[in-house]
Undergrad: 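Sharing a structure here in structure tokens format.
Counting starts at 1 for both ligands and their atoms, following the listed order.
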Amino acid sequence: MRKLFTDIKAIHGIEDNTKSLLKGAEMSRVVTIHDAWLLTENGNFANWGSMQDSDLPKADEIISLHGLEVLPGLVDSHTHCIFAQLRSGEWEMRLKGATYEEIAAAGGGILNSAYKLRIMDEEWLYEQSLWRVKRMIEHGSTTIEIKSGYGLSIESELKMLRIGRRIEKNVKATIKTTFLGAHAVPPEFKGRQDDYVAHIINDMLPAVCAEGLADHMDVFCDRGFFTPEQTLLLLEAAAKYGLPAKIHANELGITGGVQVAAKAGAWSADHLEHIGNEEIECLRNSEVMPVGLPGTSYFLDIPYAPARTIIDAGLPFALASDFNPGSSPVCNLQMVWSLGCSRMKMLPTEAFNAITLNAARSLRLEKSIGSIAAGKQADFWITETHNAIQSVPYFFGVNHAKTVYLSANQA
Ligand code: NIG
Ligand code: FE
């Protein structure tokens, strides 16, 4: 099945020279062609060219895009979108002066979400989560990673991950799941953190892997959560099951998370609000993709990951939403793109590459998604906004996506 999209004002994010990631100065480069056509074949990008070409390719279906612009599907490589309820009460507590860490230490935060999720009916949790995933897709996200971590027991972690797999079957977007049993220590293990780590390794991880429910393993390695030593044990155990590592690192302090990520060969180290030269040096000597989550910094009013320093050090950088009810209730990657620019001083082109190709790389999916390249999955969105690479992050707070295509079918 060949589909020919014609009368496109601009196609952005074309990869003429296939790369697995963009780093340093390369991150500011985005290839755009104007007055174009785009051909897809069997759900993949096949070719593109100028409307001035004398012969347009033959196709089974021709769709005029009437002067709109095309961008590749956005990749949200870090979300916690399966949750029972919003935590707007905690947000109000923070508005009155409480901190995220104080609320967590008092049994709120992630434990509050776990309490509500454990008692929530699986069907209802699925419906709620699916609704959120559809909102993400509407905003142009065509690949979404989903973490567990609000169950914190075998039964409830499996419930979350099964829902993740069910969402994967029922939407046309690409969905990847991550086991995050080490998100917080549940009340029944209070004061026995090492026992909980052993429980994850000996009981939860085998159960998750027996059902093939996770594509990666993640650990919240930070002050008040899991130590670097515990994190390494957990990630090494996961590696024995073939689960690659992702890690929540250095959100609350300089806590050794980046070094553990490098040691464990993690695919990405996410957060990085608190990092110094040592961490940057460590990233430079690794294959770990640094991922910033500016929605979290905005919402918790904490520092932003130093994207500028990281990119200027010649490193790659990705951005993700961290969509969750506690620290980042944002499901719109266009907004994250904008925050990357306005708050982290990334150029619009850099932040665009951070939510497309580099984000795909953080999931090691860069060969099949993340740009418009021949043979890649034809995931893209169209917008009425002119000069979209600059205008989408500039004109923030509205959804610029008019229609989203997943493998060249309308979402
Ligand atoms: O990435 N930091 C750890 N986990 C989430 C927050 C989860 C929550 O507060 O519910 C994050 O920010
Ligand atoms: Fe997170």
Undergrad: Mind jotting down which residue pairs meet the ring pair (Phe, Tyr, Trp, His ring centres under 6.0 Å) criterion with at least one end in residues 19-39? Sequence neighbours excluded, please.
TA: none
Undergrad: Answer with yes or no after comparing the ring centroid distance for Phe45 and Phe5 against a 6.0 Å cut-off, counting only values under it.
TA: no
Undergrad: Check ligand 1 for N or O atoms under 3.5 Å from a protein N or O and list each pair with its distance.
TA:
{"residue": "ligand 1", "atom": "1 (O)", "partner": "His80", "partner atom": "NE2", "Å": "3.4"}
{"residue": "ligand 1", "atom": "1 (O)", "partner": "His248", "partner atom": "NE2", "Å": "3.0"}
{"residue": "ligand 1", "atom": "1 (O)", "partner": "His271", "partner atom": "NE2", "Å": "2.8"}
{"residue": "ligand 1", "atom": "1 (O)", "partner": "Asp322", "partner atom": "OD1", "Å": "2.8"}
{"residue": "ligand 1", "atom": "1 (O)", "partner": "Asp322", "partner atom": "OD2", "Å": "2.8"}
{"residue": "ligand 1", "atom": "2 (N)", "partner": "Glu251", "partner atom": "OE1", "Å": "2.6"}
{"residue": "ligand 1", "atom": "4 (N)", "partner": "His183", "partner atom": "NE2", "Å": "2.7"}
{"residue": "ligand 1", "atom": "9 (O)", "partner": "Arg87", "partner atom": "NH2", "Å": "2.8"}
{"residue": "ligand 1", "atom": "9 (O)", "partner": "Tyr100", "partner atom": "OH", "Å": "2.5"}
{"residue": "ligand 1", "atom": "10 (O)", "partner": "Arg87", "partner atom": "NH1", "Å": "2.8"}
{"residue": "ligand 1", "atom": "10 (O)", "partner": "Arg87", "partner atom": "NH2", "Å": "3.3"}
{"residue": "ligand 1", "atom": "10 (O)", "partner": "Tyr150", "partner atom": "OH", "Å": "2.6"}
{"residue": "ligand 1", "atom": "12 (O)", "partner": "His271", "partner atom": "NE2", "Å": "3.4"}
{"residue": "ligand 1", "atom": "12 (O)", "partner": "Asp322", "partner atom": "OD2", "Å": "2.9"}
{"residue": "ligand 1", "atom": "12 (O)", "partner": "Ser327", "partner atom": "OG", "Å": "2.6"}

Undergrad: List the steps, then state whether salt bridge (Lys or Arg N to Asp or Glu O under 4.0 Å) holds for Lys19 with Glu26.
TA: CA-CA 11 Å; Lys19 284 194 165 228; Glu26 297 168 344; 2.7 Å; yes
Undergrad: Parallel, tilted or perpendicular: which fits the ring planes of Trp91 and Phe299, with parallel below 30° and perpendicular above 60°?
TA: parallel
Undergrad: Identify the residue among Phe395, Trp337, Trp381 that makes a ring pair (Phe, Tyr, Trp, His ring centres under 6.0 Å) with His400.
TA: Phe395
Undergrad: Tell me which N, O or S atom from His78 is the closest to the Fe ion (ligand 2).
TA: NE2
Undergrad: Indicate if the distance from the Fe ion (ligand 2) to the nearest N, O or S atom of His248 falls below 2.8 Å.
TA: yes
Undergrad: Report the residue from Thr403, Ile382, Asp7 that forms a side chain to side chain contact (heavy atoms under 4.5 Å, CB included) with Leu65.
TA: Ile382
Undergrad: In degrees, rounded to 10 degrees, what angle do Asp322 atom OD1 and His80 atom NE2 make at the Fe ion (ligand 2)?
TA: 90°
Undergrad: Taking Asp218 as the fixed residue, which of Lys176, Lys246, Lys147 is the one that meets the salt bridge (charged side-chain N to carboxylate O under 4.0 Å, His left out) rule?
TA: Lys147
